[in-house]
> 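Take this structure first; my questions come after.
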Amino acid sequence: MVPRAFSQTARRDAKAVVPILDPNSLDRFVDPLPLPVVAKPLGERALPDKSGERVPFYRVPMRAITAQLHRDLPPTNLWSYGGSVPGVMFDTQCGQGLFVEWANELPTKHFLPVDYSVHGAGPDTPEVRTVVHLHGAKTPPESDGYPEDWSVPGESRTYYYPNQQDAAQLWYHDHAIGITRLNIYAGLLGLHVIRDQAEQQLGLPNGKYEVPLVLFDRHLRRDGQLSYPSSWVPEVLGEVPLVNGKIFPYLDVEARKYRFRVVNAANGRLYRLSWPHEVEVHQIGTDQGLLPAPVAITHVVLAPGERADLVVDFAPQRGNRIVLSDDAFTLMEFRVSAAAVSDPSEVPARLRPVPRAAESSAVKTRWLTLDELKKGMSASGGMLLNKTPWHMPITEKPVLGTTEIWELANLTDDVHPIHLHLVRFQILDRRRFDVFQYMTTGTLRYRDPARLPDPDEMGWKDTARVDGQTVTRIIVPFEGYAGRYVWHCHNLEHEDNEMMRPYEVLAART
Ligand code: C2O
Ligand code: CU
Ligand code: CU
């Protein structure tokens with residue numbers, strides 16, 4: 001059968017530039033939504049701390065694979081963790097630590113265009129290098145995936161994840177300096193769910209009624225292969241939307257409540273998800289687990305790196321088809337069965353306490369700018385944090401066990417999703433300011449009163465949208481481990497060039 005969206009001429013003449021695929025040429029809702037395979041441990045290993053305790057040991061190979069992204073497309077070359085994109089999913093319990101051996105079994109040549117002018121990606125560096133970071137995890141520094149701790153094909157790294165934190169949906173992804181955007185675009189991403197008893201006792205929809213939705217977009221050529229700009233660009237927004245690695249999938253659902261755990265794993269797209277108005281949707285959680293109480297919503301805004309935990313009630317929708325879309329495109333369809341079913345699941349009015357962190361608990365306030373380099377200031381343009389490139393000495397050194405306020409002052413016109421490794425934080429407020437006056441005279445003039453975060457941001461976060469020309473204040477308890485971590489913009493093109501900085505948590509003096 002000749003796929004409709006696939007040009008035979010393109011296949012014969014492989015050297016010709018293959019045109020970009022228009023997703024409107026594809027039939028919608030012809031592939032079922034794929035669900036990630038749950039990772040299985042290979043055995044157990046003793047902790048290095050002499051306690052003798054043994055914890056599960058996993059091994060995840062990174063490999064080149066092919067996968068069909070749509071019924072009518074030829075297979076696409078991808079890089080994967082454990083054989084699929086998204087990769088194998090870790091389904092874990094709070095307090096149950098685990099080891100993962102991340103094995104780089106990729107080819108030695110990248111299949112996406114490396115821009116050697118980007119910092120850390122010079123021609124003297126091995127072209128294929130990977131390092132895994134578990135986003136949202138309280139991980140000791142040696143297992144956190146520092147961007148320069150990469151390994152090359154044939155090598156592996158074994159990381160320890162203590163999982164000592166509240167239930168949340170985390171995700172793991174590549175973090176190699178200078179090529180993170182390419183490695184994630186190639187498919188190096190996957191899910192890591194932590195569960196705990198407090199959450200399990202709530203009676204939320206679970207088992208097959210709890211479904212992860214991993215969102216990203218890609219440029220695809222008409223031969224089904226990924227396309228990525230040959231030199232660095234500040235933003236990559238693909239034409240083709242994927243959910244769990246499929247284009248326009250559908251999901252058969254029963255007429256009852258479902259829990260959808262959504263991750264924005266895109267390089268640069270900010271999703272504005274919207275549900276049809278007649279559908280009852282509650283947001284119950286954010287990046288770092290449950291909100292204090294469910295929030296009724298009709299749409300959700302998610303910048304790259306952010307997560308939303310949703311409960312959708314399909315009970316009043318028997319026999320209907322419901323389309324989930326974003327401002328830019330249709331994402332997927334839910335097909336509600338006609339049969340009435342009983343639904344024992346609940347969405348309690350109170351989910352868990354999330355006390356607002358008191359500003360008075362902060363021992364330090366830092367003013368940190370988000371800056372755009374104009375062309376000419378560097379080879380390719382690019383963005384910085386606090387006007388400081390990656391390789392400069394560490395300037396942010398919070399003390400373990402203390403709380404700080406970070407005032408993120410965005411001097412650009414764009415939203416930058418700012419992420420800190422290791423910690424969780426709360427958003428205090430956002431306030432627009434006069435950027436021109438600040439840049440020309442150094443004085444700060446606010447344009448309007450501070451705004452509280454949206455109700456669906458009133459939980460623990462690890463990634464916060466910092467709007468253009470706005471100061472966003474976050475309050476951060478530095479808990480967990482002393483050592484070197486990073487903070488950065490989660491727009492992957494920005495992160496690679498060079499909107500990322502190391503920071504160091506200092507051990508508390510005794
Ligand atoms: Cu989602 Cu530093 O990463
Ligand atoms: Cu992270
Ligand atoms: Cu950015």
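Note that ligands are numbered from 1 as they come in the structure, with each ligand's atoms numbered from 1 the same way. Predicted model only: the values in this text are computed from it and were never measured.
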> Quick one, Leu411 and Tyr438 - any side-chain contact, counting heavy atoms below 4.5 Å?
yes
> Any side-chain heavy-atom pair from Arg431 and Thr472 closer than 4.5 angstrom?
no
> Measure the acute angle between the ring planes of His110 and Trp79, then classify it against the limits of 30° and 60° as parallel, tilted or perpendicular.
tilted
> Give me each pair satisfying ring pair (Phe, Tyr, Trp, His ring centres under 6.0 Å) with a member in residues 179-199, each pair once, sequence neighbours excluded.
Phe90-His192, Tyr185-Tyr228
> Measure from the ring center of Tyr160 to the ring center of Phe57 and say whether it is less than 6.0 Å.
no
> Which residues pass the salt bridge (charged side-chain N to carboxylate O under 4.0 Å, His left out) test with Lys40, sequence neighbours left out?
none
> Could you check if a side-chain atom of Glu105 sits within less than 4.5 angstrom of a side-chain atom of Pro153, using non-hydrogen atoms only?
no
> Excluding waters, which protein N, O or S atoms are within less than 2.8 Å of the Cu ion (ligand 2)?
His133 NE2, His419 NE2
> State yes or no: are the ring centers of His421 and His488 separated by less than 6.0 Å?
yes
> Give me the ring orientation class for Tyr146 and Trp390: parallel if the planes are under 30° apart, tilted from 30 to 60°, perpendicular past 60°.
tilted
> Check atom 2 (Cu) of ligand 1 and write out every protein N, O or S atom at under 2.8 Å, as residue and atom.
His175 NE2, His421 NE2, His488 NE2
